[in-house]
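The structure appears right after this line, and notes come after that.
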Amino acid sequence: ARQDVELALLQGAEAVLRGEKPYRDFTWLYGPAMLYYYGFFMKVLGADIAGVLFGKFLLDLLCGVVIYLSLIKFIPPLMAMGGCAWFWLYSKGFFYTYNHAGGTLLISIILYLVFTYILDPRKKTIYLGLAACFLLSLVKLNIGMFNLFGFMVSIILVDKFLADKPIKDELSFYAGSFAITFGLIAASY
């Protein structure tokens with residue numbers, strides 16, 4: 001089954017390189033973003049598995065860096081580096097598809113942005129988090145939607161309990177942000 005999914009990813013990325021569109025021209029089970037991502041690497045490095053593996057390596061490398069940046073906000077740098085090294089050494093990833101490597105990176109980015117918002121609650125951080133949730137939904141729709149919900153709940157909880165902002169004043173902002181992001185996700189599919 002693993003080889004079938006990997007082959008489907010390679011075939012889908014090659015189809016995107018030929019100008020075909022996922023869902024319309026061929027069947028694809030996940031979001032379209034990773035097809036274009038891996039298709040780019042196949043175009044630059046050659047239309048074979050080496051381009052896909054380099055793309056996955058880059059995602060895993062960036063994910064470790066984001067984990068380090070997340071941890072350093074709350075623990076000493078050496079311990080944060082240990083967390084980063086642990087991810088690089090022991091993360092098995094998803095054994096059946098390279099698609100989810102992009103999702104892992106985006107989930108790490110969303111968590112980093114929640115940590116950033118806890119320490120410094122700015123609207124810019126919320127917008128970046130909403131953008132990451134949107135991109136995550138283009139990797140895998142259900143995970144993106146659940147992370148959008150979780151991100152907004154996290155922001156509301158930080159504002160309520162840590163930033164001591166009145167929730168009533170921000171309610172329209174929360175609802176509008178969620179609705180716009182959800183609408184963009186729905187429109188993209």
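The residues of the chain are indexed from 1 along the displayed sequence. All values derive from a computational prediction rather than experimental measurement. The basis for the numbers below is simple: all heavy atoms, side chains too, and nothing from hydrogens, waters or symmetry mates.
Within a 6.0 Å radius of CZ in Phe87, other residues, nucleotides and ligands contribute more than 12 heavy atoms. Within a 6.0 Å radius of OH in Tyr90, other residues, nucleotides and ligands contribute 12 heavy atoms or fewer. When the shell of 6.0 Å around CG of Leu89 is examined, it contains more than 12 heavy atoms from other residues, nucleotides or ligands. Enclosure of atom CZ in Phe146 is not indicated, since only 12 or fewer non-hydrogen atoms of other residues, nucleotides or ligands lie within 6.0 angstrom. Other residues, nucleotides and ligands contribute only 12 or fewer heavy atoms inside 6.0 Å of the CZ atom of Phe149. No more than 12 heavy atoms of other residues, nucleotides or ligands shown are found within 6.0 angstrom of CZ on Phe40.
Using modelled atom types, one side-chain atom of Ser137 and one backbone atom of Phe134 make a donor-acceptor pair closer than 3.5 Å. Although no hydrogens or angles enter the test, the distance criterion places a donor-acceptor pair under 3.5 Å between the side chain of Trp88 and the main chain of Asp60. The backbone N or O of Thr116 lies less than 3.5 Å from no partner atom in the side chain of Asp120, so there is not a single donor-acceptor pair. Although no hydrogens or angles enter the test, the distance criterion places no donor-acceptor pair under 3.5 Å between the side chain of Thr125 and the main chain of Pro121. The main-chain N or O of Ile185 is found under 3.5 Å from a side-chain atom of Ser188 such that the two form a donor-acceptor pair.
Contact between Phe26 and Glu20 at its shortest, heavy atoms only, is CD2-OE1, 3.8 Å. Listed here is the closest heavy atom pair of Tyr112 and Lys73: CE1-CE, 3.2 Å. Contact detail for Leu35 and Ala13: the closest heavy-atom pair is CD2-N, 3.7 Å. When all heavy atoms of Lys56 and Tyr98 are compared, the closest pair comes out as CD-CD2, 3.0 Å. Taking all atoms of both residues into account, the shortest heavy-atom contact from Gly144 to Leu136 is CA-CG, 3.7 Å. When all heavy atoms are compared, the tightest approach of Leu59 to Leu105 is CD2-CD2, 3.7 Å.
To the nearest 0.5 Å, atom CG of residue Leu111 and atom CG of residue Leu106 are 12.5 Å apart. Separation of atoms CG (Leu171) and CD1 (Ile156) is listed at 7.5 Å; rounding is to 0.5 Å. We find the CE-CG distance between Met152 and Leu130 to be 6.0 Å, quoted to the nearest 0.5 Å. Rounded to the nearest 0.5 angstrom, Ile67 CD1 and Ile109 CD1 are separated by 11.0 Å. With rounding to the nearest 0.5 Å, the separation of OH in Tyr174 from CG in Asp159 is 3.0 Å. Note: Cys133 SG to Leu184 CG = 12.0 Å, rounded to the nearest 0.5 Å.
When ring centroids are compared, Tyr30 and Trp28 come within the 6.0 Å threshold. Close placement of the Tyr37 and Phe41 rings is indicated, their centers lying within 6.0 Å of each other.
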Handout entry: Derivation and outcome, side-chain contact (heavy atoms from CB on, under 4.5 Å), residues Met79 and Ile72
Key = CA-CA 8 Å; Met79 289 176 68; Ile72 201 167; over 6 Å; no
Problem - Chi angles and distances behind the side-chain contact (heavy atoms from CB on, under 4.5 Å) call for Tyr117, Arg122 - result: CA-CA 7 Å; Tyr117 193 77; Arg122 294 184 184 185; 5.5 Å; no
Practice task
Determine, step by step, whether His100 and Val139 satisfy the side-chain contact (heavy atoms from CB on, under 4.5 Å) criterion, reporting the C-alpha distance in whole Å, the side-chain angles of both residues, the deciding distance to 0.1 Å, and the verdict.
Solution key: CA-CA 7 Å; His100 294 15; Val139 172; 5.5 Å; no
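Side-chain atoms of Tyr38 and Asn99 include no donor-acceptor pair closer than 3.5 Å.
Two different hydrophobic clusters hold Trp86 and Leu78 under the rule that ILVMFWY side chains link at heavy-atom gaps under 4.5 Å. Val44 and Tyr36 fall within a single hydrophobic cluster, where Ile, Leu, Val, Met, Phe, Trp and Tyr are joined by side-chain heavy atoms under 4.5 Å apart, directly or via other members.
Salt-bridge annotation for Lys43 and Glu14: absent, with no side-chain N of the basic residue lying under 4.0 Å from a carboxylate O of the acidic one.
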